Amino acid sequence: MNATTQSAQPAQNARPIVRMDKLNKHFGSLHVLKDINLEITQGEVVVVIGASGSGKSTLIRCINGLEEFQQGTLDVAGKTLLPHGKGGQALQKIRTEVGMVFQQFNLFPHLSVRDNVTLAPVSVRGLGREQARDSAIRLLTRVGIEDQADKYPAQLSGGQQQRVALARALAMEPRLMLFDEPTSALDPEMIGEVLDAMRELAREGMTMVIVTHEMGFAREVADRVIYIHQGEITEQGPPEQLFDAPQHARTRSFLARVL
Ligand code: ADP
Ligand code: MG
């Protein structure tokens with residue numbers, strides 16, 4: 001959280017972990033992302049806000065190759081994705097470096113909590129079963145649900161399931177974490193426990209891109225807030241600037257509706 005302000009100035013030549021260059025994305029005739037230029041530095045926490053349908057999910061889904069794009073380039077964790085899904089080898093590498101947490105937790109319903117967390121490390125990273133189980137318990141402890149390890153997802157509350165999803169993503173030791181409205185499907189009383197786990201992760205220096213409508217949380221953890229309107233980055237800046245002194249009329253009217 002605000003890591004860039006705590007440490008000395010980041011090196012001028014620090015390589016961004018994400019670099020989008022004039023990225024354009026269409027769904028058929030719908031132009032969803034328009035000339036997006038975006039650099040994200042290691043350790044940065046970026047919150048993406050904007051109206052429903054503005055392209056927030058599509059933007060972060062492009063970052064881990066869940067969506068192809070038609071124009072531009074995208075470097076993620078040192079690998080380059082090209083338009084139309086070219087650069088397929090990069091994709092595999094990127095998927096192991098980038099974790100994602102979705103609005104719907106997407107846990108494997110037939111696997112215990114522990115097995116949800118160990119599956120990818122064992123099958124993708126080749127971690128030994130025992131080592132993966134130890135690491136799973138450490139991760140579940142970190143998100144405060146080690147006592148749920150032997151249960152199945154359906155036996156957990158939404159807030160607990162989302163924390164399992166977070167532990168599962170972290171088990172791959174990602175360099176970058178993407179969150180797409182991680183608390184939007186939760187009952188209000190469970191939002192806090194998920195935001196707390198994310199806050200802790202930010203404090204530990206994880207690089208994070210978070211789509212959320214939780215503006216208080218955004219103000220607190222973001223190094224930078226990006227406002228997207230109809231597929232374009234209209235405005236971005238530190239939270240105090242974006243929330244307290246937005247420069248654009250569109251940002252102001254969006255914030256007036258959500259704050
Ligand atoms: P947000 O996350 O900001 O609500 P999305 O990125 O999900 O917005 O969607 C941006 C636009 O792209 C919307 O108009 C949406 O309907 C459209 N869209 C999203 N996914 C698809 C898809 N798979 N096929 C066609 N259109 C899509
Ligand atoms: Mg969305």
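Quick caveat, the model's predicted, so the values are computed rather than measured. For the numbers below, each heavy atom of this structure counts, side chains included, while hydrogens, waters and symmetry mates do not.
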K.L.:
With His213, which residues qualify under side-chain hydrogen bond (donor to acceptor under 3.5 Å, both in side chains), at least two apart?
P.N.:
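Checked His213 against side-chain hydrogen bond (donor to acceptor under 3.5 Å, both in side chains); matches are Glu181.
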K.L.:
Which ILVMFWY residues are connected to Leu82, directly or by a chain of links, through side-chain heavy atoms under 4.5 Å apart?
P.N.:
none
K.L.:
Are the side chain of Glu204 and the backbone of Leu201 linked by a donor-acceptor contact shorter than 3.5 Å?
P.N.:
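Checking the backbone N and O of Leu201 against the side chain of Glu204, no donor-acceptor pair under 3.5 Å is found.
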K.L.:
In the hydrophobic clustering (ILVMFWY, side-chain contacts below 4.5 Å, transitive), which residues join Leu127, or is it alone?
P.N.:
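Members besides Leu127: none; it forms no cluster.
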K.L.:
Return the set of residues passing salt bridge (charged side-chain N to carboxylate O under 4.0 Å, His left out) with Glu232 (not counting sequence neighbours), or none when no residue passes.
P.N.:
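Checked Glu232 against salt bridge (charged side-chain N to carboxylate O under 4.0 Å, His left out); zero matches.
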K.L.:
Sequence neighbours left out, what passes salt bridge (charged side-chain N to carboxylate O under 4.0 Å, His left out) with Asp196? Give chain and number order.
P.N.:
Arg199
K.L.:
So, does Thr183 use its side chain to make a donor-acceptor pair with the main chain of Leu186 at under 3.5 Å?
P.N.:
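Checking the backbone N and O of Leu186 against the side chain of Thr183, no donor-acceptor pair under 3.5 Å is found.
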K.L.:
Mind checking salt bridge (charged side-chain N to carboxylate O under 4.0 Å, His left out) for Lys22 and listing every partner two or more places apart, or none if nothing turns up?
P.N.:
none
K.L.:
By the rule that ILVMFWY residues connect when side-chain heavy atoms come within less than 4.5 angstrom, directly or transitively, which residues belong alongside Tyr152?
P.N.:
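Members besides Tyr152: none; it forms no cluster.
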K.L.:
Ring of Phe108, cation from Arg168 - is the NZ or CZ under 6.0 Å from the centre and inside 45° of the axis?
P.N.:
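So Arg168 does make the cation-pi contact.
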K.L.:
According to side-chain hydrogen bond (donor to acceptor under 3.5 Å, both in side chains), who are the partners of Thr73, at least two apart in sequence or on a separate chain?
P.N.:
none
K.L.:
Test: salt bridge (Lys or Arg N to Asp or Glu O under 4.0 Å). Region: residues 235-259. Which pairs qualify, not counting sequence neighbours?
P.N.:
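The answer is Arg219-Asp244.
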K.L.:
Can you tell me if Glu130 has over 12 outside heavy atoms packed within less than 6.0 Å of its CD?
P.N.:
no
K.L.:
Can you sort out the partners of Asp150 under salt bridge (charged side-chain N to carboxylate O under 4.0 Å, His left out), two or more places apart, ordered by chain and number?
P.N.:
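By the salt bridge (charged side-chain N to carboxylate O under 4.0 Å, His left out) rule, Asp150 matches Arg114.
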K.L.:
Report yes or no: does Asn116 contribute a side-chain atom to a donor-acceptor pair with the main-chain N or O of Leu107 at less than 3.5 Å?
P.N.:
no
K.L.:
Look at atom NZ of Lys79 and say whether more than 12 heavy atoms of other residues, nucleotides or ligands are closer to it than 6.0 Å.
P.N.:
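No.
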K.L.:
Indicate if Val194 and Val45 have the same hydrophobic cluster label, given that clusters are the connected sets of ILVMFWY residues with side-chain heavy-atom separations under 4.5 angstrom.
P.N.:
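Shared cluster, yes.
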K.L.:
With ring-ring contact (aromatic ring centres under 6.0 Å, His included) as the rule and sequence neighbours excluded, what pairs involving residues 226-259 come up?
P.N.:
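Qualifying pairs: Tyr227-Phe254.
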K.L.:
Using the test side-chain hydrogen bond (donor to acceptor under 3.5 Å, both in side chains), find all partners of Arg175 that sit at least two apart in sequence or belong to another chain.
P.N.:
Gln42
